[in-house]
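What follows is a single structure, written as structure tokens, with notes after it.
Everything numeric here is computed off the predicted structure, so don't read it as measured data.
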Protein chains: 2
Amino acid sequence: MPTSENDSPPVYREIAEDVRTAIASGRLSDGDRVPGENDLMKQYGVARATARQALSVLINEGIVVAIRGSGVYVRAFRPLRRHGPRRLSRELWGAGRAIWQADSPDGSFETDSVEVAEVPAPAYVARALGLADEAAVVRRHRRYRLEDRPMQLATSYLPAEFAAGTAIAEPETGPGGIYARLAEQGRAPAHFTEEIRVRMPTPEEAAALHLNAGTPVLDVLRTALTEEHTAVEFNEMTLDGSAYVLQYDFDA
Amino acid sequence: MPTSENDSPPVYREIAEDVRTAIASGRLSDGDRVPGENDLMKQYGVARATARQALSVLINEGIVVAIRGSGVYVRAFRPLRRHGPRRLSRELWGAGRAIWQADSPDGSFETDSVEVAEVPAPAYVARALGLADEAAVVRRHRRYRLEDRPMQLATSYLPAEFAAGTAIAEPETGPGGIYARLAEQGRAPAHFTEEIRVRMPTPEEAAALHLNAGTPVLDVLRTALTEEHTAVEFNEMTLDGSAYVLQYDFDA
DNA sequence: CAGTGGTCTAGACCACAAA
DNA sequence: TTGTGGTCTAGACCACTGC
């Protein structure tokens with residue numbers, strides 16, 4: 001008698017599934033209000049904690065957002081396209097535009113909270129740049145915003161050997177950005193390698209990027225190399241996963 | 001008197017933060033047991049629901065996993081490297097190896113639950129392949145495993161016009177896989193474009209990939225084009241975000 | 001069998017949003 | 001002011017792990 005009544009999913013999952021299919025089927029769409037805690041309690045005859053647990057599933061999946069005092073709403077996904085190879089082409093920074101402007105449809109990216117410092121290289125940075133551990137590097141940290149929405153955090157590391165004391169170590173790097181400055185030194189980046197990981201954000205990142213619960217971030221680690229394959233920059237970027245689509249084109 | 005005691009974070013967040021820093025500082029490392037519900041209740045003098053809420057934060061961040069009847073443990077991250085351009089080079093499938101073998105350090109990938117069918121193309125597939133809406137396509141779905149761990153789901157679409165009735169529409173496509181078959185037809189893939197998105201998995205994907213809570217997935221949408229820029233395959237892949245690092249190399 | 005995490009109830013007080 | 005979501009307590013029963 002005892003245990004043959006097994007494997008029926010818990011109530012809160014079934015409630016979540018009902019709401020999820022209502023969204024997937026289009027019965028509820030972007031920005032629509034979904035049944036709140038009180039609605040679910042009445043409709044399913046469950047306690048408040050159970051209704052909340054059902055909603056928390058959907059919130060952690062990133063498909064709805066809760067707004068205190070107002071309700072729970074279907075979340076939209078309207079990403080920006082970040083084109084790998086094209087955006088780093090010489091034409092862009094050769095013409096006096098900073099590379100990140102290639103992301104933006106209308107060039108309205110803004111940069112924010114810039115911090116420049118000379119520091120000893122962390123181990124993974126030293127490895128990427130081919131330097132000795134703790135070798136001096138210039139670190140540039142900044143945040144990018146588009147129409148007041150924070151989109152990306154970025155931290156660049158360049159060997160202090162050639163970056164210290166130049167415009168690269170200034171908050172404002174001048175037309176074309178650091179790549180143009182490198183080119184003037186005869187260290188123009190010619191090859192790039194990007195490494196992409198996914199994870200959930202730390203609380204600090206969630207705050208800095210204004211992320212909703214259930215939004216993963218993309219880590220993009222880029223190493224820029226000269227024609228002679230000397231590493232000249234290591235850039236560690238953290239992107240709002242709900243804001244970006246990455247694109248890479250290549251040949252067989 | 002009333003409200004000047006504001007903005008202190010809720011208890012459950014502070015507990016979560018304590019555990020998080022214990023992990024970040026290295027006091028707790030991969031696979032270590034972290035304080036469980038009962039431990040936290042005693043240490044912080046909170047109710048069980050509060051201790052659980054603190055743990056649920058960390059679980060949804062993907063940094064710990066809960067094992068029923070046992071405890072809560074620090075989660076490891078040991079990803080596979082998936083190298084974009086290199087893995088699709090002609091050498092690989094020209095030599096009779098399927099491309100996904102490039103992912104695997106020792107070639108021990110296995111394929112699973114293969115489904116082949118001829119279906120009308122969904123709108124986004126038709127667009128990617130340059131076909132009319134609802135045009136007939138061959139759909140190939142499969143799951144990839146490495147040492148019994150499911151790593152990736154993939155669904156390929158090829159125009160039925162040249163794929164139907166060939167080995168491409170069979171579960172076993174022969175040496176070199178579908179790309180070798182395409183090459184024999186004079187439709188060898190020469191250009192690729194990959195589009196990458198991140199999101200939290202659906203419950204079905206979480207089950208199929210054996211994902212822990214708090215693990216995002218990577219969607220990789222690849223279009224393969226011939227030398228003449230005719231689209232011959234559209235491949236929709238869903239990767240376990242905790243299992244992969246993607247790498248792309250390109251030139252300025 | 002004792003201990004763990006998983007689910008669920010029935011309350012409580014709070015901060016915030018919208019009417 | 002009413003209703004919403006956010007936090008928290010104090011219980012309960014269950015399924016599973018590991019000794």
Hey, what's the ring geometry for Y248(A) with Y248(B), parallel, tilted or perpendicular (30° and 60° as the breaks)?
parallel
Is [X] salt-bridged to [Y], going by a charged N under 4.0 Å from an acidic O?
X       : Y       : result
R199(A) : D219(A) : yes
R82(B)  : E195(A) : no
D39(A)  : R33(A)  : yes
R27(B)  : D32(B)  : no
R20(A)  : E61(A)  : yes

Separation of [N] [atom2] from [X] [atom1] (nearest whole Å):
X      : N      : atom1 : atom2 : value
Q53(B) : dG6(C) : CD    : P     : 14 Å
I59(A) : dG5(D) : CD1   : C1'   : 9 Å
L55(A) : dT4(D) : CG    : C1'   : 12 Å

Out of dT9(D), dG6(C), dG6(D), which nucleotide sits closest to the side chain of R52(B)?
dG6(C)
If only side-chain N and O atoms of T50(B) are considered, is one of them under 4.0 Å from the OP1 or OP2 phosphate oxygen of dT7(D)?
no
Closer than 4.0 Å, any side-chain N/O of Y12(B) to the OP1 or OP2 of dC8(D)?
no
List in numerical order all residues of residues 33-48 of chain A for which some heavy atom is under 4.0 Å away from an atom belonging to DNA chain D.
R33(A), G36(A), E37(A), N38(A), R48(A)
In numerical order, the residues of residues 61-73 of chain A whose heavy atoms come under 4.0 Å of DNA chain D are A66(A), I67(A), R68(A), G69(A), S70(A), G71(A), V72(A)
Tightest non-hydrogen contact, residues V198(A) and P216(A), listed as CG1-CB, 4.3 Å
Does the side chain of T223(A) come under 3.5 Å of the side chain of E233(A) through a donor N or O and an acceptor N or O?
no
